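A short write-up of the structure that comes next.
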Amino acid sequence: MSEEQKFAEYVRSNIEGAGKDIGFIGLSQVWVRECIRHNYAQNFTWLGRPIIQVPQDTYAIQELIWSYKPDLVIETGIAHGGSLIMSASMLAMLDYCDAVTSGSVLDPKAGKRRVVGVDIDIRAHNRAGIENHPLAHKITTFQGSSVAPDIFAQIKAIADGYDRIMVFLDSNHTHEHVLAELELYAPLTSKGAHCVVWDSGVEDLPPDMCADRPWGKGDNPKTAVWEYLKCLEGEGRTAADGAPLHFAYDKTIEHKIMITASADGFLKRV
């Protein structure tokens with residue numbers, strides 16, 4: 001066994017141990033609950049744009065993109081644009097590393113890799129921040145409901161030109177809306193890639209923490225994930241590539257980062 005393999009096994013053992021430590025998991029859930037009271041996730045930026053993510057979840061994004069190396073990332077929910085910029089920066093880094101490996105000259109604007117984002121309301125100052133960012137050339141945005149037929153048709157047309165697709169769902173967090181997004185976008189996820197459903201942790205919060213929202217306990221991304229995966233088990237659906245559609249909870253990601261807004265939300269197409 002090489003030194004790299006030994007270290008990978010050491011890390012695997014660490015993650016497995018953390019996943020069995022009920023006290024550690026409970027403490028992490030308490031931390032997430034308390035950080036919400038302070039709007040903690042809104043304190044961070046990625047290359048200048050607010051990202052509105054718990055930092056540990058951004059680590060997960062980085063690892064997922066580097067590991068799978070998608071050529072298209074689809075994101076529902078844009079907000080300030082930080083998540084789009086993060087995905088675009090990772091795709092740009094993949095382009096750079098490809099050029100280094102091949103010894104070719106890199107034209108930053110010539111790469112095929114792209115991020116597509118959709119939001120029902122892209123506010124003017126956020127749109128300006130995204131469009132004026134140096135990575136804007138790798139980003140395509142749509143304004144409208146992510147589940148509107150015309151919006152999805154345009155995104156699907158783009159996805160048809162790509163082979164390695166990853167999906168992040170982070171818009172309206174009601175059960176009905178997230179389930180509708182899963183029905184549309186999860187089948188676009190390539191085999192071996194992830195469809196991540198953000199903020200599934202709403203299900204685990206005290207009811208009063210979502211009192212001013214249309215979602216809450218029993219009506220949120222996690223309940224939508226549960227229903228969607230249950231439907232997949234019994235219906236034998238196919239993905240956009242025509243192959244059988246199966247997803248598994250990637251608990252390794254959760255147990256690795258431990259502090260996450262998205263328990264049961266890391267879905268890997270298997």
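In this text, all values refer to a predicted model and were calculated from it rather than measured experimentally.
Residues Ile78 and Gly117 approach most closely at CD1-C, 3.7 Å, considering heavy atoms. Across all non-hydrogen atoms, the minimal contact from Thr140 to Arg114 is OG1-NH1, 3.0 Å. Between Gly19 and Ile25 the shortest heavy-atom distance is O-CD1, 3.5 Å.
Within the 3.5 Å criterion, the main-chain N or O of Ile165 finds a donor-acceptor partner in the side chain of Ser190. Looking at Glu75, its side chain never comes within 3.5 Å of a backbone N or O of Val116 through a donor-acceptor pair. A distance-only check finds a donor-acceptor pair linking the side chain of Gln143 to the backbone of Ile122 [under 3.5 Å]. At distances below 3.5 Å, at least one donor-acceptor pair connects side-chain atoms of His137 with backbone N or O atoms of Pro108. Looking only at distances, a side-chain donor or acceptor of Tyr185 sits under 3.5 Å from a matching main-chain atom of Ser146. Of the possible polar contacts, none joining the His255 side chain to the Ile253 backbone as a donor-acceptor pair under 3.5 Å is found. Side-chain atoms of Gln154 come within 3.5 Å of backbone atoms of Asp150 as a donor-acceptor pair (strictly under, hydrogens ignored). Proximity of a side-chain donor or acceptor of Thr223 to a complementary backbone N or O of Asn220 within less than 3.5 Å is detected. Using modelled atom types, no side-chain atom of His194 and backbone atom of Asp250 make a donor-acceptor pair closer than 3.5 Å. When atom types are taken as modelled, the side chain of Thr76 and the backbone of Asp170 share a donor-acceptor pair closer than 3.5 angstrom.
Under the 4.5 Å side-chain heavy-atom criterion for grouping Ile, Leu, Val, Met, Phe, Trp and Tyr, Ile259 is connected to Tyr40 within one hydrophobic cluster. In the hydrophobic cluster analysis, where Ile, Leu, Val, Met, Phe, Trp and Tyr join through side-chain heavy atoms closer than 4.5 angstrom, Val270 is grouped apart from Val167. No path of Ile, Leu, Val, Met, Phe, Trp and Tyr side chains, each step under 4.5 Å between heavy atoms, connects Trp31 with Phe24, placing them in separate hydrophobic clusters. Under the 4.5 Å side-chain heavy-atom criterion for Ile, Leu, Val, Met, Phe, Trp and Tyr, Tyr249 and Phe266 are members of distinct hydrophobic clusters.
A heavy-atom distance below 4.5 Å is not found between the side chains of Leu232 and His246. Put simply, the side chain of Asn172 reaches to within 4.5 Å of the side chain of Trp215, judged on heavy atoms. Taking the side chain as every heavy atom from C-beta outward, Ile65 and Leu94 approach each other to under 4.5 Å. No side-chain heavy atom of Ile74 sits under 4.5 Å from any side-chain heavy atom of Tyr162. Here the side chains of Thr260 and Val32 are not in contact, with every heavy-atom distance at 4.5 Å or above. Side-chain atoms of Cys210 and Val202, non-hydrogen and from C-beta on, do get closer than 4.5 Å to each other. With a 4.5 Å cut-off on side-chain heavy atoms, Lys217 and Leu205 do not count as touching. Contact check for Met209 versus Arg33: side-chain heavy atoms found under the 4.5 Å cut-off.
With respect to the salt-bridge test (charged N to carboxylate O, under 4.0 angstrom), the residues Asp199 and Arg213 do not qualify. The pair Glu34-Arg37 meets the salt-bridge criterion, since a charged nitrogen lies less than 4.0 angstrom from a carboxylate oxygen. Ion pairing between a basic and an acidic side chain is recognised when a charged N comes within 4.0 Å of a carboxylate O; Glu3 and Lys6 show such pairing.
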Item checked: CA sep, side-chain torsions, deciding dist, call: Val118, Phe152, side chain to side chain contact (heavy atoms under 4.5 Å, CB included) -> CA-CA 9 Å; Val118 55; Phe152 177 70; over 6 Å; no

Next item on the list: Show your reasoning for whether side chain to side chain contact (heavy atoms under 4.5 Å, CB included) applies to Thr189 and Leu267.
Entry: CA-CA 10 Å; Thr189 310; Leu267 308 179; over 6 Å; no

Notebook entry, point to check: Step by step, would you call Gln53 with Met86 a side chain to side chain contact (heavy atoms under 4.5 Å, CB included)?
Noted result: CA-CA 11 Å; Gln53 291 277 13; Met86 180 175 185; over 6 Å; no

Next item on the list: Take Leu182 and Val225 through the side chain to side chain contact (heavy atoms under 4.5 Å, CB included) test and state the conclusion after the steps.
Entry: CA-CA 8 Å; Leu182 283 165; Val225 167; 4.3 Å; yes

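Of the options Arg269, Arg164, Lys191, a salt bridge (Lys or Arg N to Asp or Glu O under 4.0 Å) to Asp241 is made by Arg269 and by none of the others. Across Lys69, Lys112, Lys138, a single residue satisfies salt bridge (Lys or Arg N to Asp or Glu O under 4.0 Å) together with Asp95, and that is Lys138.
Taken to the nearest 0.5 Å, the CG atom of Asp163 stands 10.5 Å off from the CG atom of Leu72. Taken to the nearest 0.5 Å, the CD atom of Glu254 stands 7.0 Å off from the OG atom of Ser200. The CG atom of Asp57 sits 10.5 Å away from the CZ atom of Phe168 when rounded to the nearest 0.5 Å. Taking CG from Asn43 and NE2 from His38, the interatomic distance works out to 10.5 Å, rounded to the nearest 0.5 Å. Here the straight-line distance linking atom CZ of Arg49 with atom CG of Asn126 works out to 5.5 Å at 0.5 Å rounding. Remark: Ile51 CD1 to Leu84 CG distance equals 9.5 Å, nearest 0.5 Å.
With no hydrogens or angles considered, no side-chain donor-acceptor pair links Ser145 and His177 at under 3.5 Å. Residues Trp46 and Thr58 bring no donor and acceptor atom of their side chains to less than 3.5 Å of each other. Side-chain contact check for Asp219 and Thr174: no donor-acceptor pair (N or O, by modelled atom type) lies under 3.5 Å.
No more than 12 heavy atoms of other residues, nucleotides or ligands lie within 6.0 Å of OH in Tyr96, so this atom counts as exposed by the packing criterion. A 6.0 Å sphere centred on CD of Glu176 holds no more than 12 heavy atoms belonging to other residues, nucleotides or ligands. With a 6.0 Å radius and a threshold of 12 heavy atoms from other residues, nucleotides or ligands, Phe44 has its CZ atom above the threshold.
Below 30°, between 30° and 60°, or above 60°: for Tyr228 and Phe247 the angle between ring planes is between 30° and 60°, a tilted geometry. Note on ring orientation: taking the six-membered ring where Trp is involved, the planes of His80 and His125 are perpendicular (angle over 60°, cut-offs 30° and 60°). Relative orientation of the Phe7 and Tyr10 rings is tilted, given thresholds of 30° and 60° on the angle between their planes.
For Glu235, the side chain to side chain contact (heavy atoms under 4.5 Å, CB included) partners are Cys231, Arg237, not counting sequence neighbours.
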